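Below: one structure, written as structure tokens.
Since the structure is predicted, the reported quantities are computational estimates derived from the model, not experimental observations. Residues: numbered from 1 along the sequence shown.
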Amino acid sequence: MANINLSEISSLIKEQIKAYNDKIHTENVGKVVEVGDGIAVVYGLDNAMSSELLIFPNDVYGMVQDLRSDSVGVILLGDSSKIKEGDTVKCTGKVLEIPVGEEFIGRVVNSLGQPIDGNGAIKATKTRPIEVKATGVMDRSSVDTPLQTGIKVLDALVPIGRGQRELIIGDRQTGKTAIAVDTIINQADKNVICIYVAIGQKESTVSNVYETLKNYDAMRYSIIVSASASNPAPMLYLAPYAGVSLAEYFMFQGKDVLIIYDDLSKHAVAYREMSLLLHRPPGREAYPGDVFYLHSRLLERAAKLNEKLGGGSITALPIIETQAGDISAYIPTNVISITDGQIFLQADYFYKGIRPAINAGLSVSRVGGAAQTKAIKKVSGTLRLDLAAYRELEAFTQFGSDLDQSTKARLERGKRTEEILKQDLHKPLEMEEEALILYCLTNGILDSIPLKDLKRFEESLYLDLKVDKEGKKLAEYIKTTKTLPDFDKLNAYLNNFKKKFE
């Protein structure tokens with residue numbers, strides 16, 4: 001037996017004790033007790049935060065939605081069929097964030113900011129939380145810059161300012177998405193980044209919107225966030241928050257952003273589905289009690305920042321679908337009370353061929369007038385009254401044929417107003433074109449032109465503004481000063497043009 005040197009063993013043990021450096025690593029771990037339909041209930045995560053990201057087996061992630069006394073309700077951001085009862089769940093200590101940045105412009109992404117357009121990975125380096133507190137009142141400034149939609153009836157009667165929230169509401173298939181898409185197309189070369197959030201739409205519908213924007217070269221300043229009807233409810237719930245997180249990145253860079261939520265009715269339905277699966281008590285129309293907060297905290301993030309913060313803005317155009325024109329239903333009234341006005345599309349007008357089918361009586365903008373250009377404000381003063389009087393007289397005159405001259409004149413002006421306010425799909429106008437045609441309308445220049453020739457007159461006028469020397473000068477003046485030129489010059493040009501046309 002070899003001699004054992006005890007002093008050597010002793011020094012060896014001492015060295016190992018000195019070198020021993022075992023870091024204690026703790027993890028917050030829980031167990032799945034219930035799973036299905038994009039929802040999981042996890043027991044044992046006592047220290048979990050609201051909106052915290054959790055890791056499930058098979059690379060499935062979840063977000064904490066409900067904090068209960070003995071468990072947490074989690075929405076799953078992946079395939080719930082890969083999760084089973086008894087699976088181990090780990091906390092990450094981080095709230096859910098999505099990547100943001102310039103790299104997203106021109107791309108189609110899902111609710112987690114992952115590309116779904118087949119054009120490769122997005123190499124974004126920055127992230128933003130999905131849920132953040134809205135900008136405070138002291139950090140905002142008043143809305144004073146117009147966001148031109150290029151749609152005559154909107155820019156004249158329901159103007160929208162940068163930083164405003166304007167609801168588009170109406171029955172299905174009345175042209176709500178068309179107004180939103182035309183507004184995006186009109187932002188070309190106006191330094192506005194556009195984000196279209198599709199919530200619960202068919203994939204073919206989203207594809208059509210993408211193709212339209214691509215054909216009009218609008219994807220170079222646009223982003224599409226899509227959570228289609230085939231996605232689970234949690235992805236539909238997260239989509240608008242992901243969209244506004246992307247928008248906030250640009251707003252804090254001092255840029256102007258237009259964001260469309262198409263549509264928040266389906267968003268509320270997805271939230272109701274999620275809430276019922278999480279065993280939250282149902283209230284009116286089975287929606288949970290916090291459904292108002294769902295949309296208010298989303299739409300409050302639209303803002304116009306003050307100069308100290310860069311002066312950027314987010315203009316939100318949420319869309320709500322009504323059933324049989326009922327704007328007094330639960331979700332429509334909720335969103336109407338959150339927004340700064342609404343554009344109401346009436347199915348009857350749409351089927352009559354009045355497109356866009358805007359009901360001027362029920363449509364209102366509580367802010368945009370302050371941001372409206374002087375030129376448009378000047379020419380649109382009597383339009384709402386003319387339209388309202390015409391619609392009333394039209395219904396009244398169905399019962400009698402003897403009309404005095406002033407009633408006949410009002411009816412004729414109303415017919416012309418209705419005809420001029422019609423506009424073809426995907427043909428937004430420049431502000432100076434709108435100002436001149438509305439000036440012709442409100443100053444009686446169109447009164448002697450037959451109704452059937454109005455469309456031709458309008459198109460000829462827009463062409464003349466591009467080729468006629470005097471027309472070019474007037475259009476450039478309106479474009480740069482945002483006001484109408486000298487009335488004598490304006491009337492002389494328009495009367496000359498009218499003679500040429502006749």
Side-chain angles (χ1 to χ4, degrees), residues 143-170 174-197 209 212-213 216-218 221-222 247 256-263 302 304 313-320 339-345 349-350 354-360 362-377 379-380 383-384 387 420-438 458 462 478-479 482:
V143 174
D144 57 8
T145 312
L147 183 115
Q148 294 289 140
T149 63
I151 301 166
K152 287 170 288 188
V153 64
L154 287 189
D155 291 336
L157 298 181
V158 200
I160 298 165
R162 294 188 185 187
Q164 188 175 342
R165 299 154 302 179
E166 184 77 12
L167 172 64
I168 301 171
I169 186 167
T174 50
K176 300 186 296 298
T177 302
I179 283 179
V181 170
D182 282 1
T183 305
I184 292 175
I185 291 168
N186 194 53
Q187 302 316 308
D189 307 317
K190 291 185 174 67
N191 294 323
V192 178
I193 288 156
C194 302
I195 300 173
Y196 176 81
V197 184
V209 169
T212 303
L213 294 179
Y216 286 91
D217 197 25
Y221 53 84
S222 302
D256 292 313
V257 187
L258 167 68
I259 186 163
I260 317 280
Y261 303 112
D262 191 6
D263 64 71
K304 170 115 170 40
S313 70
I314 295 175
T315 309
L317 295 184
I319 294 175
I320 286 283
T339 49
D340 307 312
Q342 70 275 349
I343 296 159
F344 181 63
L345 300 176
Y349 295 173
F350 187 83
I354 302 167
R355 297 174 190 178
I358 290 162
N359 180 324
L362 290 174
S363 300
V364 63
S365 171
R366 301 188 189 101
V367 176
Q372 202 172 18
T373 57
K374 285 180 183 171
I376 298 286
K377 193 179 267 190
V379 296
S380 60
L383 278 183
R384 196 183 290 272
L387 264 183
I420 285 294
L421 291 180
K422 288 179 186 175
Q423 196 162 332
D424 291 340
L425 192 62
H426 308 326
K427 286 191 180 169
L429 300 172
E430 292 299 330
M431 184 270 292
E432 57 273 20
E433 294 173 331
E434 292 178 339
L436 284 170
I437 193 67
L438 293 174
E458 187 182 357
Y462 299 151
I478 298 170
K479 187 178 182 176
K482 309 282 190 282

side-chain contact (heavy atoms from CB on, under 4.5 Å) between Tyr462 and Ile437, worked out: CA-CA 9 Å; Tyr462 299 151; Ile437 193 67; 3.4 Å; yes
Return yes if some donor-acceptor pair links the side-chain N/O of [X] with the main-chain N/O of [Y] below 3.5 Å, else return no.
{"X": "Tyr221", "Y": "Val192", "result": "no"}
{"X": "Glu166", "Y": "Thr339", "result": "no"}
{"X": "Arg355", "Y": "Phe350", "result": "yes"}
{"X": "Asp263", "Y": "Ile320", "result": "no"}
{"X": "Ser365", "Y": "Pro159", "result": "yes"}

Side-chain donor-acceptor pair present, Thr149, Asn186, cut-off under 3.5 Å: no
Indicate the atoms forming the closest heavy-atom contact of [X] with [Y], along with that distance.
{"X": "Thr315", "Y": "Gly161", "value": "CG2-O, 3.7 Å"}
{"X": "Val379", "Y": "Ala435", "value": "CG1-O, 3.8 Å"}
{"X": "Gln423", "Y": "Lys152", "value": "OE1-N, 2.9 Å"}
{"X": "Ala156", "Y": "Gln372", "value": "O-NE2, 3.1 Å"}
{"X": "Leu429", "Y": "Glu458", "value": "CD1-OE2, 4.3 Å"}

For the residue pair [X] and [Y], establish whether any side-chain heavy-atom pair is separated by less than 4.5 Å.
{"X": "Ile343", "Y": "Ile160", "value": "yes"}
{"X": "Leu147", "Y": "Leu258", "value": "yes"}
{"X": "Asp256", "Y": "Ile193", "value": "no"}
{"X": "His426", "Y": "Asp182", "value": "yes"}
{"X": "Gln342", "Y": "Ile168", "value": "no"}

Passing candidate, side-chain contact (heavy atoms from CB on, under 4.5 Å) with Ile260, options Val197, Ile195, Ile184: Ile184
Point-to-point distance, once rounded to the nearest 0.5 Å, from CE of Met431 to CG of Leu436: 9.5 Å
Heavy-atom neighbours of Asn191 CG exceed 12 at 6.0 Å: no
NZ (Lys427) with more than 12 external heavy atoms under 6.0 Å: no
Verdict with reasoning, Leu383 to Leu438, per side-chain contact (heavy atoms from CB on, under 4.5 Å): CA-CA 9 Å; Leu383 278 183; Leu438 293 174; 3.8 Å; yes
